[in-house]
Protein chains: 2
Amino acid sequence: MTTATLTCNHCQFNTLCLPGHLGHNDVELFQRHLQRTPVFHKGDNLYKTGELFSGIYVVVSGTVKAFKLDASGQKQIIDFYHAGEVIGLDSISSDTYKTTAVALDTCVLCKLPFAHFDELSINIPEVARLLLNLMSSQLNNTSIVHLNLNQKTAQQKLAYFLIELDSRLKNRVTSANSFILAMTRTDIGNYLGLTIETVSRFINKLQKDNLIKITGKQVEIIDLNGLKQLVEQ
Amino acid sequence: MTTATLTCNHCQFNTLCLPGHLGHNDVELFQRHLQRTPVFHKGDNLYKTGELFSGIYVVVSGTVKAFKLDASGQKQIIDFYHAGEVIGLDSISSDTYKTTAVALDTCVLCKLPFAHFDELSINIPEVARLLLNLMSSQLNNTSIVHLNLNQKTAQQKLAYFLIELDSRLKNRVTSANSFILAMTRTDIGNYLGLTIETVSRFINKLQKDNLIKITGKQVEIIDLNGLKQLVEQ
DNA sequence: CGTAAAATTGATTGGGATCAATGCGTGTGG
DNA sequence: CCACACGCATTGATCCCAATCAATTTTACG
């Protein structure tokens with residue numbers, strides 16, 4: 001894992017990423033602490049559960065999934081991450097990573113090593129506040145996920161998953177209501193607490209009901225409001 | 001909501017609470033920003049969703065639940081909070097509270113108003129790092145909850161709920177494997193994504209299987225390892 | 001191509017929801 | 001102090017949604 005010279009001001013994602021909330025001069029300082037990592041390929045681990053915590057990552061392009069294993073070795077996917085999103089915030093308080101993070105396709109990432117954190121937060125007090133806000137909104141997001149999965153039917157869960165994905169990809173990767181699922185049906189099922197067969201059947205049903213159009217991994221949202229209505233029933 | 005003079009160093013919860021991680025001198029500074037709130041009674045709101053965000057709370061004694069409402073007005077309980085635990089971290093990044101927080105019994109709380117936050121984090125840089133750690137471990141906890149609820153049976157969910165509650169109450173409220181459920185069966189069901197009937201049936205089953213002893217709201221954990229084994233199947 | 005993983009589709013089963021009735025406990029007013 | 005009421009909890013009977021089991025089909029990739 002080598003370091004590459006990096007200028008946030010020229011990065012296409014600078015408004016989405018951490019520096020997007022900093023002043024121009026602070027960005028200059030900030031980017032000295034950032035490392036552009038080498039490309040991760042499909043299946044590569046960013047880090048594994050229990051590995052020494054060395055910093056957080058920002059997705060520049062590609063998709064990452066993070067999962068935990070329970071005591072009996074069963075996998076539970078915690079989240080999927082896309083361009084502009086920050087990975088590893090749940091491990092800051094520990095000296096080891098709390099999940100395993102895997103690239104689902106070809107991924108470019110920036111890493112903020114946390115050895116520099118104390119120095120950084122003295123130089124740029126706003127960075128601490130920035131991270132605080134970021135983590136706070138991630139906490140709120142996990143509650144929203146809980147709200148939308150815990151007492152819902154399979155169809156509602158799937159509809160919510162697609163809405164959520166669409167909303168997270170918009171203004172980041174694509175602006176159209178059309179995107180590619182980087183994850184398998186098995187991954188979707190695992191995340192939502194459904195079997196692969198149920199995922200398959202209800203994706204199909206959403207298509208029959210003219211809410212989406214799906215061809216393999218290519219999804220097009222036909223009727224976003226229809227999907228939202230489904231979830232809100 | 002009036003302020004009361006407060007000395008963290010004399011508080012019985014000072015090792016559990018935020019100041020527990022600060023040096024003695026920092027605590028002196030820190031407690032000037034803290035307010036001991038008046039007592040909240042059963043059913044009282046600490047704050048409501050959408051209300052202006054004014055700060056975070058620490059539970060000194062009692063139990064608080066936080067919930068969200070979905071678009072159709074259905075409630076989803078996000079978490080229960082006990083002595084030493086911090087409430088409202090999911091609202092820091094916003095100017096309004098993201099959940100509604102309600103006292104389940106008589107509650108004493110301390111409030112850290114966030115108007116003072118910037119001043120505070122300049123005087124005590126460790127406070128920012130402390131909050132960062134706190135939020136990070138809360139993020140990790142929500143993942144653990146997801147892991148233990150998403151693909152589990154009703155019995156496993158309930159077993160996990162009791163284990164989790166026991167672990168959070170230990171070294172805080174009580175050291176025995178015995179405690180009182182401040183929440184109703186309806187609340188438990190809502191949190192776990194089960195109906196009240198299912199909660200009732202499986203609490204009963206856990207008792208029949210000699211894993212717990214339950215009389216109304218009084219719970220005694222008889223076989224903690226047995227409960228853990230159930231969850232880990 | 002050829003093989004394996006991923007996904008679809010159908011038949012059947014089962015766990016927890018729903019419907020329904022009763023029991024318990026606590027607070028209120030006569 | 002008791003009677004009543006209302007919310008909360010328990011218990012039983014039935015139903016239904018999604019899991020499971022099983023058999024292909026499709027896709028990805030060396």
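Reminder, nothing fancy here: chain letters follow the sequence lines and each chain counts from 1.
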Query raised in the report: Is Thr195(A) near enough to dA19(D) that one of its side-chain N or O atoms lies under 4.0 angstrom from OP1 or OP2?
Result: yes
Query raised in the report: When you check the phosphate oxygens OP1 and OP2 of dT11(D), does a side-chain N or O of Asn204(B) lie under 4.0 Å from one of them?
Result: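 It does, given that an N or O in the side chain of Asn204(B) lies less than 4.0 Å from OP1 or OP2 of dT11(D).
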Report task. Taking the side chain as every heavy atom from C-beta outward, state whether His146(A) and Gln76(B) have any atom pair closer than 4.5 Å. Result -> yes
Query raised in the report: Hey, does Leu224(A) have a side-chain heavy atom less than 4.5 Å from the side chain of Ile163(A)?
Result: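 Ile163(A) vs Leu224(A): side chains touch.
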Requested in this report: Working to the nearest 0.5 Å, report the span between CD1 of Ile212(B) and CD1 of Ile221(B).
Outcome: 7.0 Å
Query raised in the report: If an axis is fit to five pairs at each end of the helix from dC1(C)-dG30(D) to dG30(C)-dC1(D), what is the angle between the two, to the nearest 10°?
Result: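 End axes: 50° apart.
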Query raised in the report: According to the interplanar angle, ranging from 0 to 90°, do the rings of Phe40(A) and Tyr57(A) count as parallel (below 30°), tilted (30 to 60°) or perpendicular (above 60°)?
Result: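 It falls in the perpendicular class, over 60°.
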Query raised in the report: Which class fits the ring pair Tyr97(B) and Tyr47(B): parallel under 30°, tilted 30 to 60°, perpendicular over 60°?
Result: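 Answer is parallel, since the angle falls under 30°.
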Query raised in the report: Which pair of non-hydrogen atoms, one from Asp70(A) and one from Lys152(B), has the smallest distance, and what is that distance?
Result: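 Taking every non-hydrogen atom into account, OD2-NZ, 2.9 Å.
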Assess whether a salt bridge exists between [X] and [Y], defined as any Lys/Arg side-chain N lying under 4.0 Å from an Asp/Glu carboxylate O.
{"X": "Asp223(B)", "Y": "Lys228(B)", "value": "no"}
{"X": "Arg168(A)", "Y": "Glu164(A)", "value": "yes"}
{"X": "Lys65(A)", "Y": "Asp187(A)", "value": "yes"}

Let me know the distance between [atom1] of [X] and [atom2] of [N], rounded to the nearest Å.
{"X": "Leu192(A)", "N": "dA18(D)", "atom1": "CG", "atom2": "P", "result": "12 Å"}
{"X": "Gln151(B)", "N": "dG16(C)", "atom1": "CD", "atom2": "P", "result": "14 Å"}
{"X": "Leu194(A)", "N": "dT8(C)", "atom1": "CG", "atom2": "P", "result": "14 Å"}
{"X": "Lys205(A)", "N": "dT9(C)", "atom1": "NZ", "atom2": "P", "result": "15 Å"}
{"X": "Phe202(B)", "N": "dG12(D)", "atom1": "CZ", "atom2": "C1'", "result": "15 Å"}
{"X": "Lys152(B)", "N": "dG15(C)", "atom1": "NZ", "atom2": "P", "result": "16 Å"}
{"X": "Gln218(B)", "N": "dG25(C)", "atom1": "CD", "atom2": "P", "result": "15 Å"}

**Report entry** Nucleotide nearest Ile196(A) (side chain, heavy atoms from C-beta), chosen from dT20(D), dT8(C), dA18(D)
**Finding:**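 Minimum distance to the Ile196(A) side chain belongs to dT8(C).
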Query raised in the report: Which nucleotide in the list dA19(D), dT11(D), dG16(C) gets nearest to the side chain of Ser200(B)?
Result: dT11(D)
Query raised in the report: Which residues in residues 178-189 of chain A have at least one heavy atom lying under 4.0 Å from any atom of DNA chain D?
Result: none
Report summary line: Letter by letter from the 5' end, nucleotides 21-28 of chain D scores (B base, S sugar-phosphate only, - none; protein heavy atoms under 4.0 Å) BB------
Report task. Show the numbers, then the answer: is there a side-chain contact (heavy atoms from CB on, under 4.5 Å) between Arg36(A) and Cys110(A)? Result -> CA-CA 4 Å; Arg36(A) 178 68 62 94; Cys110(A) 286; 3.3 Å; yes
Report task. Keeping the roles fixed (side chain from Thr63(A), backbone from His82(A)), state whether a donor-acceptor pair exists under 3.5 Å. Result ->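 Absent.
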Requested in this report: Can you sort out which residues in residues 154-163 of chain B have a heavy atom within less than 4.0 Å of DNA chain C? Ascending by number, please.
Outcome: Ala154(B)
Query - side chain to side chain contact (heavy atoms under 4.5 Å, CB included) partners of Asn140(B), counting only residues at least two apart - result: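 Lys68(A), Asp90(A), Lys98(A), Ile144(B).
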Report task. Please identify each residue that fulfils side chain to side chain contact (heavy atoms under 4.5 Å, CB included) with Thr198(B), with sequence neighbours left out. Result -> Ala154(B), Leu194(B), Thr195(B), Phe202(B)
Query - Derivation of the side chain to side chain donor-acceptor pair (under 3.5 Å) call for Lys157(B) and Asn148(B) - result: CA-CA 7 Å; Lys157(B) 286 181 179 185; Asn148(B) 283 296; over 6 Å; no
